[in-house]
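Count residues from 1 along the sequence.
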Amino acid sequence: MPSLVTPVIPPGSLNASTQPRLPIGGDVVLRPWQPSDAAAVARVFQDPTIQHWHLRKAESEDEAQEWIEQWRRAWDSETACHWAVADAHDDRLLGRISLQSVVLVGGQAEISYWTAPEARGKGVCSRAVARVSSWALEDAGFNRLELGHSTENPASCRIAEKTGFGLEGVRRRALLHVDGWHDMHLHARVREG
């Protein structure tokens with residue numbers, strides 16, 4: 001059945017080239033995931049804070065390796081864009097930033113992230129969110145980015161506000177965490193013009 005609208009991002013636009021490295025200043029880089037990141041991912045997912053706000057945990061380095069392979073394949077299938085947030089000098093893993101649930105027709109995606117415990121409180125996450133958002137909206141042609149977080153997670157709310165994601169509302173009982181149902185804030189940024 002023919003579409004009545006032209007896709008905002010034509011299929012093949014993202015995977016026509018390799019996933020970009022996105023520098024943030026001179027000290028942080030967003031780079032594609034590497035198989036060698038598995039041990040660091042498995043270690044980060046042992047952190048109680050990560051386990052509190054995420055729905056999965058990595059029980060082994062092999063499981064983390066499977067996730068990394070999924071994240072790498074998502075670029076080729078244009079279903080998501082996942083970056084490792086790394087120290088630009090020693091390549092130490094600082095976090096993860098992703099555009100998930102990519103809808104090419106509408107040019108939409110959901111941004112998500114986590115930060116390794118030792119990198120928290122240093123602005124790494126907000127800088128990564130700002131950098132991926134500018135790449136998505138200005139370079140890649142996305143029209144709308146959404147950011148959702150539990151209403152009980154004020155740190156994520158601060159990141160959303162600091163990076164220009166306006167609060168659009170509350171999605172009641174929208175996500176089941178290990179401690180029960182959570183209301184979720186919905187924030188969004190849209191392309192200017």
Contact summary for Ala88 and Val28, nearest pair of heavy atoms: CB-N, 3.8 Å
Verdict with supporting geometry, His177 and Trp53, side chain to side chain contact (heavy atoms under 4.5 Å, CB included): CA-CA 7 Å; His177 282 271; Trp53 296 118; 4.3 Å; yes
Under the salt bridge (charged side-chain N to carboxylate O under 4.0 Å, His left out) test, residues paired with Glu152 that sit two or more places apart: none
Return a table of donor-acceptor pairs under 3.5 angstrom between the side chains of residues 167-175 and protein atoms on other chains or two or more places apart.
from, atom 1, to, atom 2, distance (Å)
Glu168, OE1, Arg144, NH2, 2.6
Glu168, OE2, Arg144, NH1, 3.2

Residues in salt bridge (charged side-chain N to carboxylate O under 4.0 Å, His left out) contact with Asp90, at least two apart in sequence or another chain: Arg92
Pairs meeting criterion salt bridge (Lys or Arg N to Asp or Glu O under 4.0 Å) with involvement of residues 110-119, two or more places apart: Arg43-Glu118
Ring-ring centroid check Phe45 Trp67, cutoff 6.0 Å: yes
Positive for side-chain contact (heavy atoms from CB on, under 4.5 Å) with Ile97, one of Thr115, Val129, Val124: Val129
Value rounded to 0.5 Å, distance of CG in Leu176 from CH2 in Trp181: 4.5 Å
side-chain hydrogen bond (donor to acceptor under 3.5 Å, both in side chains) contacts touching residues 6-20 (sequence neighbours left out): none
Glu78 side-chain N/O to Gly12 backbone N/O, donor-acceptor pair under 3.5 Å: yes
Value rounded to 0.5 Å, distance of CG in Leu99 from CH2 in Trp83: 5.0 Å
Aromatic ring proximity, centroids under 6.0 angstrom, His149 and His182: no
Cys81 SG to Leu30 CG distance, which is reported to the nearest 0.5 Å: 12.0 Å
Co-membership, hydrophobic cluster, residues Val103 and Trp135, 4.5 Å side-chain: no
Residues forming a salt bridge (charged side-chain N to carboxylate O under 4.0 Å, His left out) with Asp183, sequence neighbours excluded: none
Shortest non-hydrogen separation from Ala116 to Val44 and the atoms involved: CB-CG2, 3.8 Å
Distance, nearest 0.5 Å, that separates SG of Cys125 from NZ of Lys162: 10.0 Å
Closest non-hydrogen atom pair, Val102 against Ala109: CG2-CB, 4.1 Å
Linked, directly or transitively: Val8 and Phe142 (ILVMFWY side chains, under 4.5 Å): yes
Leu147 vs Ile111 side-chain heavy atoms within contact, under 4.5 Å: yes
Within one Ile-Leu-Val-Met-Phe-Trp-Tyr cluster: Tyr113 and Val132, side-chain cutoff 4.5 Å: yes
May I have the list of side-chain donor-acceptor pairs in residues 54-62 shorter than 3.5 Å, sequence neighbours left out?
from, atom 1, to, atom 2, distance (Å)
His54, ND1, Ile50, O, 3.0
Ser60, OG, Asp62, N, 3.4
Ser60, OG, Glu63, N, 3.0

From OG (Ser156) to CE (Met184), nearest 0.5 Å: 8.5 Å
side-chain contact (heavy atoms from CB on, under 4.5 Å) partners for Pro35, two or more places apart: Gln65, Glu69, Arg72
Nearest heavy atoms of Ala136 and Leu145, plus distance in Å: CB-CD1, 3.9 Å
Interatomic distance, Leu94 atom CG to Arg120 atom CZ [nearest 0.5 angstrom]: 12.0 Å
Heavy-atom pair with the smallest gap, counting every atom of His185 and Cys157: ND1-SG, 3.6 Å
Qualifying salt bridge (Lys or Arg N to Asp or Glu O under 4.0 Å) pairs with a residue from residues 21-42, counting only residues at least two apart or across chains: Asp27-Arg127, Arg31-Asp37, Arg31-Asp91
Full working for side chain to side chain contact (heavy atoms under 4.5 Å, CB included) between Asn153 and His52: CA-CA 10 Å; Asn153 187 344; His52 181 77; over 6 Å; no
Shortest non-hydrogen contact between Ala64 and Ala38, atoms and distance: CB-O, 3.4 Å
Phe165 reachable from Leu186 in the ILVMFWY side-chain graph, under 4.5 Å edges: no
side-chain contact (heavy atoms from CB on, under 4.5 Å) partners of Leu93, counting only residues at least two apart: Trp33, Ala40, Val41, Ala84, Trp114
Salt bridge (charged side-chain N to carboxylate O under 4.0 Å, His left out) partners for Arg131, two or more places apart: none
side-chain contact (heavy atoms from CB on, under 4.5 Å) partners of Ser98, counting only residues at least two apart: His82, Arg96, Gln100, Ser112
